[in-house]
Amino acid sequence: MTDLAQSDRVAKAAAMRAAGVDPFPARGVVPQPISELLAGAGTAAEPGPLVGKTVTIAGRLLAPRDFGKLIFAPIVDRTGRVQIGLRRDSLTEWWPQRKWLDAGDQLGVTGELGFTQKGEITVWASEVKLLAKSYAPPPEKWHGLADVEQRYRRRYVDLWATEGVMDVFIKRSKIVSGIRRFLEAQGYLEVETPTLHPIFGGATARPFVTHHNALGCDFYLRIAPELYLKRLIVGGLERVFEIARNFRNEGISTRHNPEFSMLELYEAQADYRRMMEIAEQMLERLALDINGTTKVTFRGAEYDLKAPFQRVRYPDLFRQQNGCEFDDEPAVRQRAKELGLTDPGNYWKLMNDVFEATCEKLLTGPVFCTDYPVPICPLAKTNPHDPKTAERFELFLGGMELGNAFTELNDPAEQERRFEEQVASKDEEAPGEVDVDYVQALEYGMPPTGGLGIGIDRLVMVLTGQDTIRDVLLFPAMRPLSATQAPEASAEGAPAAAKETH
RNA sequence: GGGCGCGUAGCUCAGUCGGUAGAGCAGCUGGCUUUUAACCAGCUGGUCGUAGGUUCGAGUCCUACCGCGCUCACCA
């Protein structure tokens with residue numbers, strides 16, 4: 001047992017067992033969701049029971065208020081919160097067992113729905129069943145869990161102890177199912193592709209490495225599912241999407257987590273313009289479904305996700321902010337010097353640094369920034385009427401990148417050339433070898449295809465008004481506590497815990 | 001990795017100039033049949049993140065380390 005278990009609570013469980021009552025019974029009750037019960041109860045009412053309306057609820061008992069012969073306490077389940085009223089006169093046989101209850105216990109309650117003298121809707125209990133004893137006390141009731149580290153490390157407490165947290169994750173689930181509904185309605189097929197990749201690609205990022213014992217080789221955790229999904233377009237599936245967990249071995253910030261969820265979709269016969277339509281229609285639909293309005297508030301500013309979104313061309317924005325063309329190397333280098341940027345050793349990286357320093361803050365949006373320079377788009381098709389730019393866009397909101405899309409490069413020789421350039425760069429974030437199998441897939445012929453990637457976590461941030469990615473991740477990445485600090489990991493604790501179970 | 005800040009009871013936090021470790025909540029005992037963070041009386045609860053150092057004396061000052069947050073860098 002950890003040091004969170006309170007001895008008096010453990011002692012109560014022992015007393016229950018001695019009295020023949022199981023503090024951890026195997027069976028629960030058949031409860032009605034609290035929100036449902038509240039919706040059916042009406043508002044104003046006479047004090048006293050609503051005759052004939054007997055309900056059963058189950059949930060966590062919080063902050064009991066004991067008046068000696070009467071106890072009030074809230075019960076919370078996943079849908080809401082309701083007060084229960086325990087009266088000695090209606091629970092004569094059970095009454096001594098109230099001493100076994102603590103805040104935090106899992107409780108099943110049956111009783112008549114009614115109101116109190118103050119008009120509070122209340123389940124007047126006729127039957128109470130302890131469903132699981134809580135050994136660890138809940139957080140302080142005024143402030144809840146205020147320490148953010150504890151909130152993330154003990155999300156199983158945060159979810160019910162901190163106002164609004166459960167709602168964010170319920171919305172997250174609705175957003176993900178809304179995405180599925182939206183795409184399936186358009187004939188998309190949801191697929192699953194490998195997470196273990198022999199060659200990492202589809203994005204620029206440092207990967208995690210792992211090892212397969214039986215095959216005797218290393219694998220990378222995927223940084224993007226892109227190249228596998230496009231293989232499926234070659235395979236004839238025509239419209240596919242995947243909600244993929246990606247892994248990038250890079251810094252953690254309010255917008256970055258080492259593992260994050262990405263929606264990627266690919267559609268044969270589509271191009272990046274069609275991808276813009278899908279993106280704006282999907283976001284508008286999701287905002288309406290989740291919030292009932294296309295207006296969202298993010299980091300203190302309001303945005304409207306009503307389609308169509310604004311469009312701005314990368315070359316135009318670059319020229320407007322820097323007074324030169326993006327491929328005017330001497331002028332751009334001069335500009336970089338003025339901005340105090342350090343040369344990353346590659347002109348196109350430097351140019352993009354200039355863009356990010358001067359233009360990205362203007363992309364409050366929602367806005368599609370389109371037509372990126374070809375050298376920074378190794379997987380996108382070149383604009384047929386402009387060899388300097390690729391048919392690519394990024395979607396921004398509040399200066400944050402939400403999505404990335406292009407008309408996919410499907411010329412195998414050109415793709416091979418661009419892969420070779422990446423490998424030759426010897427960049428830490430570039431793959432060590434050309435993905436020959438992918439080039440080979442293209443050699444079989446991939447139809448004209450549009451592809452779109454959207455960061456699910458960031459989208460959830462925007463739609464739920466959370467400023468940091470950790471608040472939309474149930475278990476954000478944290479440094480593990482050392483064995484001596486984590487009581488559940490201590491060697492001495494294990495045998496005792498084992499005895500407690502089976 | 002750099003800068004700034006934080007770490008004191010199960011939880012939320014005080015702790016002055018370096019001089020006996022504090023409060024509220026939770027818990028325990030008693031009282032109370034209409035509370036909404038109930039209330040009243042009493043009690044319990046501490047390796048002050050860890051390890052060193054300075055000092056007659058360290059929660060407080062110094063050093064290192066650990067953890068977390070913010071921020072910068074990184075992250076197309």
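Below, chains carry the letters A, B, ... as their sequence lines are ordered, and counting in each starts from 1. All values below come from the heavy atoms of this structure, side chains included, with hydrogens, waters and symmetry mates left out.
Atom P of B:A14 sits at a distance of 11 Å from the matching atom of B:C6, rounded to the whole Å. Comparing B:G59 with B:U20, their C1' atoms sit 13 Å apart, to the nearest whole Å. Comparing the same atom, C1', in B:U47 and in B:C39 gives a spacing of 37 Å after rounding to whole Å. Here the separation of B:G42 from B:G57, taken at their P atoms, is 39 Å to the nearest Å. Rounded to whole Å, the C1' atom of B:A23 lies 26 Å from the corresponding atom of B:C61. Taking the C1' atoms as reference points, B:A9 lies 11 Å from B:C13, given to the whole Å. B:C40 and B:G24: their P atoms are spaced 11 Å apart (whole Å). The same atom, P, is picked in B:A21 and in B:A58; the two are 11 Å apart, to the nearest Å.
Applying the 4.0 Å criterion to OP1 and OP2 of B:C74, one finds that A:R206 has every side-chain N and O outside that range. Contact annotation: A:K12 does not reach the phosphate of B:G27 (side-chain N/O to OP1 or OP2, under 4.0 Å).
A straight line from CG of A:D158 to P of B:C11 spans 14 Å, rounded to a whole angstrom. Atom pair A:I121:CD1 and B:U36:P shows a separation of 18 Å (rounding to whole Å applied). Taking atom CG of residue A:L101 and atom P of nucleotide B:C28, one finds them 11 Å apart after rounding to whole Å. For A:I252 and B:A73, the CD1 to P distance is 17 Å, given to the nearest whole Å.
Distance from the side chain of A:Q83 is smallest for B:U36 among the nucleotides B:U36, B:U33, B:A76. Distance from the side chain of A:D102 is smallest for B:C28 among the nucleotides B:C28, B:C70, B:U36. The side chain of A:A203 sits closest to B:A76 out of B:A76, B:U36, B:U34. If you check B:U36, B:A76, B:C32 against the side chain of A:R248, the one that comes closest is B:A76. Side chain of A:R65, nearest nucleotide from B:A76, B:C11, B:U36: B:U36. With distances taken from any side-chain atom of A:V148 to the nucleotides B:C28, B:A76, B:C68, the minimum falls on B:C68. Across B:A76, B:U36, B:C70, the shortest atom-to-atom separation from the side chain of A:T116 is found for B:U36. Taking the side chain of A:D8 as heavy atoms from C-beta on, and the options B:G27, B:U33, B:A76, the nearest nucleotide is B:G27. Minimum atom distance to the side chain of A:W124 is reached by B:U34, of the listed B:U34, B:U36, B:A76.
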Pairwise N/O distances under 3.5 Å, protein to nucleotides 24-26 of chain B:
{"unit_1": "B:G24", "atom_1": "N2", "unit_2": "A:E140", "atom_2": "OE2", "d": "3.1"}
{"unit_1": "B:C25", "atom_1": "O3'", "unit_2": "A:K141", "atom_2": "NZ", "d": "3.3"}
{"unit_1": "B:A26", "atom_1": "OP1", "unit_2": "A:K141", "atom_2": "NZ", "d": "2.7"}

Could you list the protein-to-nucleotides 3-9 of chain B atom pairs, N/O on both sides, closer than 3.5 Å?
none

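Within 4.0 Å of A:E401, counting heavy atoms only, lies no atom of the nucleic acid at all.
Taking a pair to require two hydrogen-bonding distances under 3.5 Å in either a Watson-Crick or a G-U wobble arrangement, B:G10 pairs with B:C25. Remark: B:C32 base-pairs with no nucleotide; criterion is Watson-Crick or G-U wobble with both hydrogen-bond distances under 3.5 Å. Nucleotide B:C4 has B:G69 as its partner under the Watson-Crick or G-U criteria, with both atom distances under 3.5 Å. Judged by Watson-Crick or G-U wobble contacts below 3.5 Å, the nucleotide B:A51 has B:U63 as its partner.
Using modelled atom types, one side-chain atom of A:S126 and one backbone atom of A:T110 make a donor-acceptor pair closer than 3.5 Å.
Residues meeting the side chain to side chain contact (heavy atoms under 4.5 Å, CB included) test with A:E420, sequence neighbours left out: A:E416, A:V434. Remark: A:V157 pairs with A:P139, A:L145, A:R154, A:W160, A:A161 by the side chain to side chain contact (heavy atoms under 4.5 Å, CB included) rule, at least two apart or across chains. Shown here are the side-chain hydrogen bond (donor to acceptor under 3.5 Å, both in side chains) partners of A:R418, two or more places apart in sequence or in another chain: A:T382, A:E414. Scored by the ring pair (Phe, Tyr, Trp, His ring centres under 6.0 Å) test, A:F72 finds A:W124 as partners (sequence neighbours excluded).
Residues A:P139 and A:T122 both approach RNA chain B. Their nearest nucleotides, taken by heavy-atom distance, put A:P139 toward the 5′ side. Sequence order on RNA chain B of the closest nucleotides to A:A73 and A:K99 puts A:K99 first from the 5' end.
A:E120 places none of its side-chain heavy atoms less than 4.5 Å from the side chain of A:F115.
Atom CG of A:D102 sits about 8.5 Å away from atom CG of A:L61, to the nearest 0.5 Å. For the atom pair A:Q150 CD and A:T162 OG1, the distance stands at 11.5 Å (nearest 0.5 Å). Atoms CD1 and CD1, from A:I34 and A:I57 in turn, are 4.5 Å apart once rounded to the nearest 0.5 Å. Rounded to the nearest 0.5 Å, atoms CZ (A:R299) and CD (A:Q466) are 11.0 Å apart.
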Audit row: A:F355, A:Y314, ring-ring contact (aromatic ring centres under 6.0 Å, His included) steps and yes/no: CA-CA 9 Å; A:F355 178 84; A:Y314 185 108; 3.9 Å; yes
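Regarding the sugar-base torsion, B:C48 falls in the anti class, its angle being beyond 90° of 0.
Remark: A:R392 is positioned above the aromatic ring of A:Y372, its terminal NZ or CZ atom under 6.0 angstrom from the ring centre and at most 45 degrees off the axis.
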